[in-house]
Every structure is written in structure tokens, then in C-alpha cells.
Amino acid sequence: MNEEKKRAFFLLSPPAFYMLLFFIMPIGIMTSYVFREGAFGDARYIFTLDHFKDFFTTSSYHRLLFRSIFQAFVTALFSVILAYPLAYFLAFKAGRHKVIFMTLLLIPAWTAWLLRILAWKILLDSTGLLNLFLLSSGFISETAPYLLYSGTAVVITLVYIYVPFAALPLFSALESVDQNMIEASKDLGAGTLKTFFQITLPVSVPGVAAAFFFVFIPTLGEWVTPTLVGGAQGIMFGNLIQEQFVKTLNWPLGALMSLILLVLIIPVLFFFNRISGISEYAPV
Amino acid sequence: MEKKEKRNNLRILHYAFLLMGILLSAGCSGEDATSSAERLIVYDWSMADLPDFHSKFLEKYPNTPPKIVYLAEDVEAYGKIKAGFAFDIVHPCTQFFQLYVENGLILPLDTSRIERWNDLEPSFADMGNINGKQYVMPYDWGYESIVVRTDKVKEIPDSWEDLWDPQYKGHVSLIDAADPAQVFTSLILGFDPWNTTSEQDEEIQAKLSELKDNIFTYWTDFNEIQQLIASGDSWISANVWPETYAMLNNKGLPVKYITPKEGMIGWMCGYAISSKTKNLDMAYDYLNALLDPTSHAAYGNMGAGVSSKAALSLMDQEQVKLMNLDQLDLQNRTVFYKSWTEEQRKKFTERWNQFKAAP
């Protein structure tokens with residue numbers, strides 16, 4: 001082993017070991033459960049494919065899966081759209097106040113996640129601020145939990161939570177835009193808009209993709225937010241997985257559902273990696 | 001200059017990610033306990049941990065108080081114990097009694113070692129008798145019914161079937177559990193919830209699916225349902241416990257706890273000893289301490305019925321009246337949850353999952 005290889009080995013082995021122990025092995029264990037009849041006692045040692053049959057013949061499960069993908073897509077899209085101007089401002093306009101603005105952006109994230117979700121619930125419920133405002137301004141005559149208990153409520157809440165997260169990879173990508181290129185574009189007579197669409201935006205695409213997946217992937221497996229604000233119509237696939245493990249005690253079916261999510265995400269991730277080269281720009 | 005600024009930005013970014021990572025990972029912790037020969041491990045509901053509830057035990061074992069491990073849901077405790085969690089005493093409810101016994105997780109009790117056994121209501125003691133043996137010492141019980149916001153509805157519902165009434169569309173909330181909906185739907189259709197044919201099962205499922213439109217949310221705990229009713233989001237709420245009603249009523253909210261004509265639903269929980277306990281004598285001492293009428297009444301005053309007459313007479317009588325805990329005829333008309341078989345548990349929970357996943 002030469003010096004460089006040795007150094008790489010020492011640098012990489014702790015994270016590689018960590019990943020092996022806490023990521024690859026658990027996924028292996030989970031995969032083994034998919035083929036077990038049950039999670040306890042002798043049922044653990046009985047091989048079966050019944051869980052596949054259960055999953056693929058229950059249409060309500062598929063519906064929830066597709067709806068969750070759609071919900072995650074919409075959440076990620078709106079998060080990126082809202083985070084982009086923020087990141088743009090931080091990268092190009094904030095100047096020496098960058099640190100202050102960055103801190104301001106992150107302060108909401110210092111509050112516990114659950115508290116922020118509950119705060120939305122309190123704002124939107126029948127006695128909440130929204131109702132108070134609508135009632136006093138005469139738009140409504142009877143209070144109701146508008147916007148709450150729906151898929152929309154889940155998207156609104158998650159977008160609110162994820163915008164600061166999405167802004168970080170975007171900021172990182174915009175930071176790497178070569179100022180000389182922008183100046184050259186302007187020198188050659190392009191306006192601000194044209195420069196943005198032909199230089200800044202294309203160069204920041206990897207950041208956009210990174211931000212999108214930063215939101216899309218955790219949202220796809222969400223279950224806390226839908227539980228709290230989604231109501232009967234807003235529950236997601238993650239809720240179903242959680243129920244299989246905690247309430248139904250059908251760990252094999254829960255494991256299968258989790259793997260299906262994983263299998264759906266990986267090819268999309270590879271595809272986006274190919275076209276945008278996220279890995280080159282990933283900020284961490 | 002520019003380079004320095006860039007490096008600075010990178011540092012800010014790394015700091016930001018580090019911060020977020022810490023925030024995201026916060027809140028994930030677990031507790032594990034192993035059975036020891038000295039300290040009794042009691043696997044109990046989080047509200048059951050006050051020293052007052054087992055003061056006689058603490059008098060006898062001042063240096064080795066019980067180690068109380070909290071359970072949040074019955075099924076969680078059952079799953080954890082099946083997966084090998086070591087404990088001495090557990091506090092399950094009727095639905096799970098049979099499953100604990102079938103899986104060999106609990107011991108038959110020697111009732112002669114429980115001094116105040118004869119104080120217990122025989123009807124409750126019977127519920128803890130599985131396959132002819134007494135496995136569970138009955139302890140607490142209560143009703144489940146519908147709470148109505150009287151200011152929001154034109155007439156007060158009097159049946160479980162009123163949950164389906166189209167005029168309440170989007171204003172009904174249900175407890176997020178598999179069995180309550182199963183039981184009240186069976187009652188409306190006139191079936192025995194624990195003994196249905198496959199045709200009846202299909203009828204139940206079809207009837208239940210019609211309820212979906214009316215429900216705006218599922219709730220999971222005491223605080224959540226209180227908030228939902230108090231805010232006015234939930235007009236009709238099932239299956240709510242009387243203490244929730246008592247709390248809202250005391251706050252002056254216009255609420256009513258109804259007695260559906262099909263009967264209220266009742267729950268009952270009790271204490272059992274692990275079949276793997278190494279502290280059998282201590283375990284019986286603990287059961288005896290729980291049944292001490294003063295301790296038992298203190299437990300009941302937190303909002304539950306008690307299984308012993310001696311403890312009932314020591315409870316806050318105003319609360320007993322408000323929650324109808326002394327109404328024997330009402331109790332007799334109440335449909336108490338029965339033990340599930342493993343097959344029924346699977347059937348009920350799978351149905352509930354499909355119901356929730358459906359549009």
C-alpha cells in the first residue's frame with residue numbers, strides 16, 4: 001500500500017464501517033424478514049412469499065403509495081421553488097451580512113420539529129388565528145378547520161419545515177457559479193434575466209436536484225406530520241409501514257413496504273445523479 | 001480575499017449541516033431493561049408510576065423500589081415481550097389476555113397469595129380467567145362512548161350508527177385503534193363482534209367503509225382528543241373515555257357523554273406475572289400492594305374505575321357519580337372487550353389498516 005492509499009483507507013474505514021454496521025446490515029436483516037412468515041417465535045423460520053401476495057393484491061396499499069409519491073413530489077417542488085430565491089439572495093446579494101441571514105434562516109430549525117408541526121395545527125384549527133381572521137373580516141360565518149386534516153395540510157407543513165434545508169445545497173451550488181461568467185454574459189449584452197436562465201440556473205442544476213431529493217426522500221417516508229395534521233385523508237405510506245411494525249406486528253409486511261420504497265427511490269436517484277452530477281456538488 | 005470568503009462560506013455551510021444533523025437525530029433514544037434478581041421490573045402504563053400506587057411495596061422493600069418500564073400501547077407491550085423483553089409484572093388489557101397465555105408469557109396466579117382477592121368484583125375476576133385458570137388480577141376499567149359537542153349538533157345522537165349520519169360529514173373523529181370500530185360496527189349490525197362468520201365479516205367491512213367520508217381524523221391519546229373537542233374541530237368523537245368528558249365538562253364546554261342504545265363499550269386491564277420471573281415472592285408482594293384499597297382508590301381517582309369494592313368506596317365520590325362507575329345496571333349493559341385470538345388480532349388490525357389506506 002502506498003502512502004496515499006493508506007491515508008484513504010484510514011480516512012474511509014470509520015465511515016465505511018459505520019455504514020456497514022448501521023445501514024447495509026440492517027437493510028440485509030430487513031430483507032430477510034420479507035420472506036419470513038412472522039416476526040416472532042417459530043414463524044421466523046418459515047419461508048413464505050405470502051407477504052408479496054398480500055401487498056400486490058391490496059389496491060388500497062398501492063393507492064396510498066402513489067399518492068405519497070405525488071405528495072412528496074409536490075412538497076419537494078414547492079420547497080425548491082421557495083428556497084431558490086432565498087439561496088440566490090444569500091449567495092449574491094447578502095454580501096457581508098451573509099452570516100446573519102444564514103442564522104436567521106436556520107433559527108426556526110432550532111425549535112423542535114414536533115413543536116413546529118403542532119404550531120401549524122394550532123394556527124389552523126377551528127379556534128386558530130386563520131379562523132379568527134376570516135371570521136372577523138366577514139369571509140366566513142362559521143368556524144371550521146380550513147386547510148387542516150388533508151393532504152394539502154401535510155404539504156404546507158412539510159414545505160415550511162424543509163425550505164431552510166433545501167436552501168443549503170442551493171446556496172452551495174450558487175456559490176460555485178463563476179462570477180467571471182456572469183460578468184462576461186453581461187459584457188456581451190445579456191440582460192439579468194437572460195444571464196440567469198443561461199448561466200446561473202444551468203450551473204445550479206445539481207444544487208436544485210440535491211435540494212429536491214433532500215426534501216423528496218425524507219418526505220416519502222414521512223409519518224409524523226401526516227399523523228398530526230393530515231387527518232383521515234392525509235395519511236401517507238409511511239403511516240402504513242409504521243402501523244405494520246407497531247400495531248399490526250406484521251414486521252415482514254412492514255419490511256416489504258419499506259424495501260419497496262427503497263427500490264423505488266434508488267433508480268430515480270441514479271438517474272438524477274447521471275444527468276446532474278449531484279455527487280460532485282453535494283455539500284456534505 | 002474572494003477565496004477566503006468562499007472558505008468562510010463553506011465553513012458556515014458545514015456548521016449549518018452539523019446543526020441540522022444534531023437536530024434531526026435528537027429525540028431518538030431507547031431504554032432497555034433486563035430482569036435482575038434484586039429489582040422488580042414492572043412493565044406498566046406511564047401514568048401508573050406514582051409511588052402512592054404501590055406504597056405498601058415500598059414500605060416492605062425500602063431499598064429496592066420497582067423499576068417501572070413504560071408501555072404506550074397494549075400491542076407494543078405484547079410485541080416487545082414476544083420479542084424477548086424481560087419483565088416481572090405486566091399490565092395488559094382484556095384483548096391480549098388469551099394471547100399472553102397461549103404464548104406462555106404469563107403464569108397462572110395463586111389467588112390464595114393475594115390477600116384481598118375477595119374484594120374483587122367477580123365479573124371482573126372472570127375476565128382474567130383464561131382456560132379455567134386465573135392468570136390476571138383485574139385492576140382498572142372504564143367505558144368508551146361518544147362525546148358530542150352539544151352546541152354543534154341539532155339533536156343529540158343516541159346510537160353508534162349516528163357516526164354514519166351524513167350531516168356530520170367531516171366532523172367525526174375516531175380513536176386510532178383496530179378494535180373499537182370493529183366492535184361498534186358489529187353491534188349496529190347485530191353481530192357478536194368476537195364470533196362472526198365470513199359473510200358477516202364482509203358486511204362489517206362494507207359498512208365500515210361507508211364511515212370513511214364522515215371521519216376527518218384519527219386521534220391517539222387523551223391530550224389530543226381533548227384538544228380536538230375543545231377547539232370545536234371534532235363534533236362527534238368516538239371512542240372517548242369518561243375522564244376526557246369529565247375534564248371538558250369541568251372546563252365548562254358544552255359536551256355530553258352519551259349512552260348508545262347498543263350499549264357502551266368497556267375496557268378492563270389487570271396485572272399478570274411473567275412466566276420467566278425470578279422474583280416470584282416480590283411479584284406477589286407487589287400485587288398485594290396494588291390492591292391495598294388506599295393505593296387502588298388513588299389510582300382510580302386519576303380517572304378510571306376500580307375492580308374492588310373496598311377501593312371504590314374510598315374514591316372521590318363526585319367523580320364516581322360523574323363517570324357512572326357505581327352504576328351496576330349500566331355496567332351490565334356494557335359490552336366489554338374480549339380476548340382476541342391471534343387470528344382475530346390479525347384480521348382486525350389488517351382490516352383497520354386497509355380501512356385507513358382506502359380513499
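Numbered from 1 within each chain, the chains take letters A, B, ... in sequence-line order. Computed from a predicted structure; not experimentally measured.
Heavy-atom contacts from other residues, nucleotides or ligands closer than 6.0 Å to CD of B/Glu155 number 12 or fewer. Counted within 6.0 Å of CZ on A/Phe56, heavy atoms from surrounding residues, nucleotides or ligands total more than 12; the atom is thus considered enclosed. For A/Phe133, the CZ atom counts as loosely surrounded, since its 6.0 Å shell holds 12 or fewer non-hydrogen atoms of other residues, nucleotides or ligands. Summarising the local packing, NZ of B/Lys212 is surrounded by more than 12 heavy atoms from other residues, nucleotides or ligands at distances under 6.0 Å. Atom NZ of B/Lys338 has 12 or fewer heavy atoms from other residues, nucleotides or ligands within 6.0 Å.
Under the salt bridge (Lys or Arg N to Asp or Glu O under 4.0 Å) criterion, B/Lys152 pairs with no residue, sequence neighbours left out. Legend: residues meeting salt bridge (Lys or Arg N to Asp or Glu O under 4.0 Å) with A/Asp178, ordered by chain and number and at least two apart, are absent.
Annotation: maximal heavy-atom pairing with chain A below 4.5 Å, among B/Glu73, B/Glu76, B/Glu224, occurs at B/Glu73. Contact count versus chain B (heavy atoms, under 4.5 Å) is highest, among A/Gly231, A/Ala39, A/Ser126, for A/Ser126.
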Worked verdict on B/Lys82 versus A/Leu249 for side chain to side chain contact (heavy atoms under 4.5 Å, CB included): CA-CA 10 Å; B/Lys82 259 185 114 174; A/Leu249 299 182; 5.6 Å; no
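Contacts of residues 163-179 of chain B with chain A at a heavy-atom distance below 4.5 Å involve B/Asp176, listed in sequence order. Contact annotation for residues 346-359 of chain B against chain A (heavy-atom separation below 4.5 Å, listed by residue number): B/Thr349, B/Glu350, B/Trp352, B/Asn353, B/Gln354, B/Lys356, B/Ala357, B/Ala358, B/Pro359.
Counting heavy atoms from C-beta on, the side chains of A/Tyr149 and B/Asp233 come closer than 4.5 Å.
For chain B, no part of A/Leu90 is nearby; none of its heavy atoms comes within less than 4.5 Å. Looking at A/Thr58, the atoms closer than 4.5 Å to chain B (heavy atoms on both sides) all sit in the side chain, from C-beta outward.
When each of A/Thr127, A/Asn131, A/Leu148 is paired with B/Ser231, the side-chain contact (heavy atoms from CB on, under 4.5 Å) condition holds for A/Thr127 and for no other.
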